[in-house]
Amino acid sequence: MFRMWGKVFKNSRMLKDTVVIMDQTDMTRTQKVYRSLEQICYEFDLETPMWLESTKMDFLYHSKTRFTSDNFIESIDFDYLEIQVIEED
């Protein structure tokens with residue numbers, strides 16, 4: 001099982017959060033991460049952010065990263081979107 005936690009923050013407060021669960025064992029970890037991020041963004045009604053080099057490196061080292069306004073093409077009304085892998089087998 002693969003679970004990813006998505007959270008939206010503004011002024012150091014969490015505005016909303018969700019957990020996405022993926023049970024597809026035929027997918028790679030990278031595919032699960034991208035698909036989970038897409039589902040999180042769909043639930044929060046956001047465009048899917050771009051992966052910059054800094055966000056990739058944070059995610060590789062910590063299984064957690066933040067997407068700020070630099071990662072989005074459209075303007076956002078929050079400080080950042082944070083994703084974190086909370087379970088993987």
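Note: hydrogens, waters and symmetry copies are ignored here, and every other heavy atom, side chains too, is used. Keep in mind that what you see is a predicted model, and the values were worked out from it rather than measured.
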Do any N or O atoms from the side chain of Asn71 and from the backbone of Pro49 form a donor-acceptor pair under 3.5 angstrom?
no

Ignoring hydrogens and angles, tell me if any N or O in the side chain of Asp23 forms a donor-acceptor pair with the backbone of Met1 under 3.5 Å.
no

With hydrophobic residues grouped by side-chain heavy-atom distances under 4.5 Å, do [X] and [Y] end up in a single group?
X     : Y     : answer
Val19 : Phe9  : no
Leu15 : Met4  : yes
Val20 : Phe59 : yes

Start with the C-alpha distance between Thr65 and Trp51, add both sets of side-chain angles, then the distance that settles side-chain contact (heavy atoms from CB on, under 4.5 Å), and finish with yes or no.
CA-CA 10 Å; Thr65 194; Trp51 287 86; 4.1 Å; yes

Taking all non-hydrogen atoms of both residues into account, name the closest pair between Ile83 and Ile40 and its distance.
CG2-CD1, 4.1 Å

If you look at every heavy atom in Thr48 and Cys41, which pair is closest and at what distance?
CA-SG, 4.0 Å

Any side-chain heavy atom of Met22 within less than 4.5 Å of one from Arg3?
no

Is there side-chain contact between Phe78 and Thr68, with heavy atoms separated by less than 4.5 Å?
no

About how many Å separate [atom2] of [Y] and [atom1] of [X], when rounded to the nearest 0.5 Å?
X     : Y     : atom1 : atom2 : value
Phe2  : Ile86 : CZ    : CD1   : 9.5 Å
Asp79 : Ser12 : CG    : OG    : 7.0 Å
Lys7  : Phe44 : NZ    : CZ    : 10.0 Å
Thr55 : Tyr80 : OG1   : OH    : 15.0 Å

Walk me through whether Phe72 and Glu47 qualify under side-chain contact (heavy atoms from CB on, under 4.5 Å).
CA-CA 7 Å; Phe72 292 91; Glu47 66 172 308; 3.6 Å; yes

Flag yes if more than 12 heavy atoms outside Ile73 fall under 6.0 Å of its CD1 atom; otherwise flag no.
no

Does atom CH2 of Trp5 have more than 12 heavy-atom neighbours, drawn from other residues, nucleotides or ligands, at distances under 6.0 Å?
no

Only distances under 3.5 Å count here; give the side-chain donor-acceptor pairs of residues 29-37 to other protein atoms, sequence neighbours excluded, each with its distance to 0.1 Å.
from	atom 1	to	atom 2	distance (Å)
Arg29	NE	Glu88	OE1	2.8
Arg29	NE	Glu88	OE2	3.2
Arg29	NH2	Ser63	OG	3.0
Arg29	NH2	Glu88	OE2	3.2
Gln31	OE1	Thr28	N	2.8
Gln31	OE1	Thr28	OG1	3.4
Lys32	NZ	Gln24	O	3.4
Ser36	OG	Lys32	O	2.7

Whether the Glu43 and Thr18 side chains hold a donor-acceptor pair (N or O, under 3.5 Å, no angle test) is what I'd like checked.
yes

Among Lys16, Lys10, Arg66, which one satisfies salt bridge (Lys or Arg N to Asp or Glu O under 4.0 Å) with Glu82?
Arg66

